[in-house]
Asker: 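Quick one: structure below, then a few questions.
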Amino acid sequence: MLGVVGIKEALAKAEEAGLDLVEVSPNAEPPVCKILDYGKYKYEQQKKANEARKKQKTIDLKEVKIRPTTEEHDYQVKLRNVKRFLSAGNKVKVSMRFRGREMAHQDVGMKLMERMLGDVEGLGKADMGPKMEGRQMIMVLSAEGQAV
């Protein structure tokens, strides 16, 4: 701890010690500098950044595709996958594509989407409810405790 010193004196002290004069916080009044090995300082900062990146949780968006004509067993398989994705903490996009005459029976697709939403009741909630986008109906689910 040297206290408040002039730039030339600080540079001379750093040169004498064989180290670098590093500005640690430039916004302080007066700016704070340290005499240290700059290469080692950068290495430490990089290690801290890597540790912080390791600890953060990434949320993936998984997609499950169904059709309005999906039979019961196939629906149960898709539902099991949705539940597995939600319990792992991922978001799930459920998409349903309509072909040809199926567009005239969008109510069947809506019932199937609402059924899936009801079946994952305790595990997840809808970020975006079922809605049509062109020939596709889309719904996004997220885990119950997860922030939107």
Side-chain angles (χ1 to χ4, degrees), residues 1-70 73-99 102-103 106 109-148:
M1 293 292 290
L2 299 175
V4 179
V5 262
I7 296 172
K8 290 185 179 179
E9 187 181 337
L11 283 170
K13 292 247 189 212
E15 188 71 36
E16 181 182 306
L19 298 171
D20 303 309
L21 184 68
V22 179
E23 191 174 32
V24 179
S25 78
N27 298 333
E29 195 57 47
V32 178
C33 296
K34 282 187 178 178
I35 297 174
L36 46 85
D37 182 10
Y38 186 64
K40 187 175 179 183
Y41 175 73
K42 269 183 57 176
Y43 175 72
E44 292 294 327
Q45 294 295 90
Q46 185 179 354
K47 281 191 70 126
K48 280 183 189 174
N50 286 345
E51 279 299 315
R53 191 168 41 248
K54 271 186 202 172
K55 288 182 180 159
Q56 76 184 22
K57 172 78 171 114
T58 58
I59 299 169
D60 294 331
L61 180 68
K62 304 286 189 174
E63 184 171 10
V64 174
K65 293 183 179 183
I66 56 176
R67 298 282 318 274
T69 56
T70 301
H73 179 265
D74 297 328
Y75 171 80
Q76 292 299 327
V77 170
K78 301 286 185 177
L79 179 65
R80 189 168 48 239
N81 286 335
V82 168
K83 287 181 177 179
R84 184 167 46 95
F85 295 149
L86 287 175
S87 62
N90 297 313
K91 289 187 176 210
V92 180
K93 175 181 174 183
V94 182
S95 60
M96 179 182 299
R97 182 172 299 279
F98 292 91
R99 286 189 187 152
E102 291 172 350
M103 284 297 287
Q106 293 177 12
M110 184 61 81
K111 284 179 187 169
L112 196 60
M113 288 288 223
E114 287 171 354
R115 178 180 170 197
M116 182 163 288
L117 188 57
D119 288 345
V120 297
E121 189 68 42
L123 209 54
K125 61 184 183 328
D127 280 357
M128 185 181 85
K131 73 174 193 180
M132 285 298 293
E133 289 182 3
R135 290 188 154 276
Q136 210 170 15
M137 186 177 289
I138 295 174
M139 173 173 66
V140 178
L141 304 169
S142 66
E144 198 66 45
Q146 191 173 315
V148 178

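Just the heavy atoms: all of them, side chains too, but no hydrogens, waters or symmetry mates, feed the values below. Quick note: residue numbers are just sequence positions, from 1.
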Asker: Can you name the closest pair of heavy atoms from Phe98 and Met132 and give their distance?
Answerer: CE1-SD, 3.7 Å

Asker: Does any non-hydrogen side-chain atom of Met116 lie less than 4.5 Å from one of Leu112?
Answerer: no

Asker: Are any of the side-chain heavy atoms of Arg97 and Lys65 separated by less than 4.5 Å?
Answerer: no

Asker: For Glu102, what residues pass the salt bridge (Lys or Arg N to Asp or Glu O under 4.0 Å) criterion, not counting sequence neighbours?
Answerer: Arg67

Asker: First locate atom NZ of Lys34, then atom CG of Leu21, and finally report the distance between them rounded to the nearest 0.5 Å.
Answerer: 12.0 Å

Asker: Under the side-chain hydrogen bond (donor to acceptor under 3.5 Å, both in side chains) rule, collect the residues that match up with Thr70, sequence neighbours excluded.
Answerer: none

Asker: Would you compute the distance between atom CD1 of Ile66 and atom CE of Met139 and round it to the nearest 0.5 angstrom?
Answerer: 7.0 Å

Asker: Listed by chain and number, what are the side-chain hydrogen bond (donor to acceptor under 3.5 Å, both in side chains) partners of Asp119, not counting sequence neighbours?
Answerer: Tyr75

Asker: My understanding is that only residues two or more places apart in sequence, or in another chain, count here; which of them pass side chain to side chain contact (heavy atoms under 4.5 Å, CB included) with Lys62?
Answerer: Asp60, Phe85, Asn90

Asker: Please name all residues satisfying side chain to side chain contact (heavy atoms under 4.5 Å, CB included) with Lys111, sequence neighbours left out, ordered by chain then number.
Answerer: none

Asker: Decide yes or no on side chain to side chain contact (heavy atoms under 4.5 Å, CB included) for Ile138 and Lys131, but give the supporting numbers first.
Answerer: CA-CA 6 Å; Ile138 295 174; Lys131 73 174 193 180; 5.6 Å; no

Asker: Working to the nearest 0.5 angstrom, can you tell me the gap between Leu117 CG and Lys125 NZ?
Answerer: 11.5 Å

Asker: What are the two closest heavy atoms between Leu141 and Val82, and how far apart are they?
Answerer: CD1-CG1, 3.9 Å

Asker: Ignoring hydrogens, what is the shortest heavy-atom contact between Ser142 and Asp127? Give both atom names and the distance.
Answerer: OG-OD1, 2.9 Å

Asker: What pairs with Glu44 under side chain to side chain contact (heavy atoms under 4.5 Å, CB included), at least two apart in sequence or on another chain?
Answerer: none

Asker: Under 3.5 Å, which donor-acceptor pairs link side chains of residues 47-54 to any protein atom two or more places apart or in another chain?
Answerer:
residue : atom : partner : partner atom : Å
Asn50   : OD1  : Arg53   : NH2          : 2.6

Asker: Once side-chain hydrogen bond (donor to acceptor under 3.5 Å, both in side chains) is applied, do any residues pair with Glu63, and if so which ones, sequence neighbours excluded?
Answerer: Ser95

Asker: Write out all pairs satisfying salt bridge (Lys or Arg N to Asp or Glu O under 4.0 Å) with one or both partners inside residues 8-27, taking only residues at least two apart or from two chains.
Answerer: none

Asker: Looking at every heavy atom in both Pro30 and Val4, which two are closest together, and how far apart are they?
Answerer: CG-CG2, 4.3 Å

Asker: Tell me, please, which residues at least two apart from Arg135 pass side-chain hydrogen bond (donor to acceptor under 3.5 Å, both in side chains).
Answerer: none

Asker: Which pair of non-hydrogen atoms, one from Val94 and one from Met113, has the smallest distance, and what is that distance?
Answerer: O-CE, 3.4 Å

Asker: So which atom in Gly89 and which in Ala143 form the shortest heavy-atom distance, rounded to 0.1 Å?
Answerer: CA-CB, 4.5 Å

Asker: Using the salt bridge (Lys or Arg N to Asp or Glu O under 4.0 Å) criterion, which residues pair with Glu29? Sequence neighbours excluded.
Answerer: none

Asker: Listed by chain and number, what are the side chain to side chain contact (heavy atoms under 4.5 Å, CB included) partners of Lys42, not counting sequence neighbours?
Answerer: Tyr38

